[in-house]
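This report concerns only the one structure given below.
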Amino acid sequence: MYIAAVIFSVLLALVSLAAGGPKAQLKGDVPEGLVAKGLSAAQVRLIGFAETAAAAGLVAGIWWQPLGIAAAVGMAVLLLGAVGYHVKWGDYGNSASRGAAMAPIVLFLLAVATGITLAASQ
């Protein structure tokens, strides 16, 4: 179970860091798109910092599982917010944006699996 927890943690941490870095720096198309859809630059930056912090917590959680569990739960909550955001903008009903909108659902499931495997590996 520990090996699965490590794999899930590292995978989710890499995705979180890749998604959070540009948002925290407000660089790239994704932060610009979020601001264009009504989020403030401060909100986008906060989301980016939360994703980056989750990545650090997931990596540290490999050695201290309670921190990793907390990071996985926090990431799951953040991803639920992302799903709600996509629902609000009708991205799941639009075939052009549906593919990108599915990422938070898949990552939410990965965050839940990460938290469960970390808890089971204690």
Is there a donor-acceptor pair under 3.5 Å between the side chain of [X] and the backbone N or O of [Y]?
X	Y	answer
Glu51	Gly48	no
Tyr92	His86	no
Tyr2	Ile62	yes

Measure the [atom1]-[atom2] distance between [X] and [Y] for me, rounded to the nearest 0.5 Å.
X	Y	atom1	atom2	answer
Thr52	Arg45	OG1	CZ	11.5 Å
Leu110	Leu79	CG	CG	9.0 Å
Leu46	Ser40	CG	OG	9.0 Å
Ser9	Met75	OG	CE	12.5 Å

Are [X] and [Y] grouped together when hydrophobic residues (ILVMFWY) are joined by side-chain heavy atoms under 4.5 angstrom apart?
X	Y	answer
Leu17	Ile47	no
Val10	Phe8	no
Phe49	Leu78	no
Leu109	Val112	yes
Leu107	Val83	no

I want to check something: taking the side chain as every heavy atom from C-beta on, are [X] and [Y] in contact at a cut-off of under 4.5 Å?
X	Y	answer
Asp91	Arg98	no
Tyr85	Leu39	yes
Trp63	Leu67	no

Heavy-atom pair of closest approach, residues [X] and [Y]:
X	Y	result
Gln122	Ile69	NE2-CD1, 3.5 Å
Gly68	Leu58	O-CD2, 3.9 Å
Ala18	Pro22	O-CD, 3.1 Å
Gln43	Gly38	OE1-O, 4.4 Å
Ala13	Ala55	O-CB, 3.4 Å
Ala54	Ala71	O-CB, 3.7 Å

(message) Given Met1, which partner from the list Leu118, Thr117, Ile116 fulfils the side chain to side chain contact (heavy atoms under 4.5 Å, CB included) test?
(response)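 Of all the options given, the one that passes is Thr117.
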(request) Can you sort out the partners of Val106 under side chain to side chain contact (heavy atoms under 4.5 Å, CB included), two or more places apart, ordered by chain and number? (result)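 Testing Val106 for side chain to side chain contact (heavy atoms under 4.5 Å, CB included), a comparison that skips the adjacent residues, returns none.
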(request) Decide if atom NZ of Lys37 counts as having more than 12 heavy atoms of other residues, nucleotides or ligands within a radius under 6.0 Å. (result)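 Counting other residues, nucleotides and ligands, NZ of Lys37 exceeds 12 neighbours.
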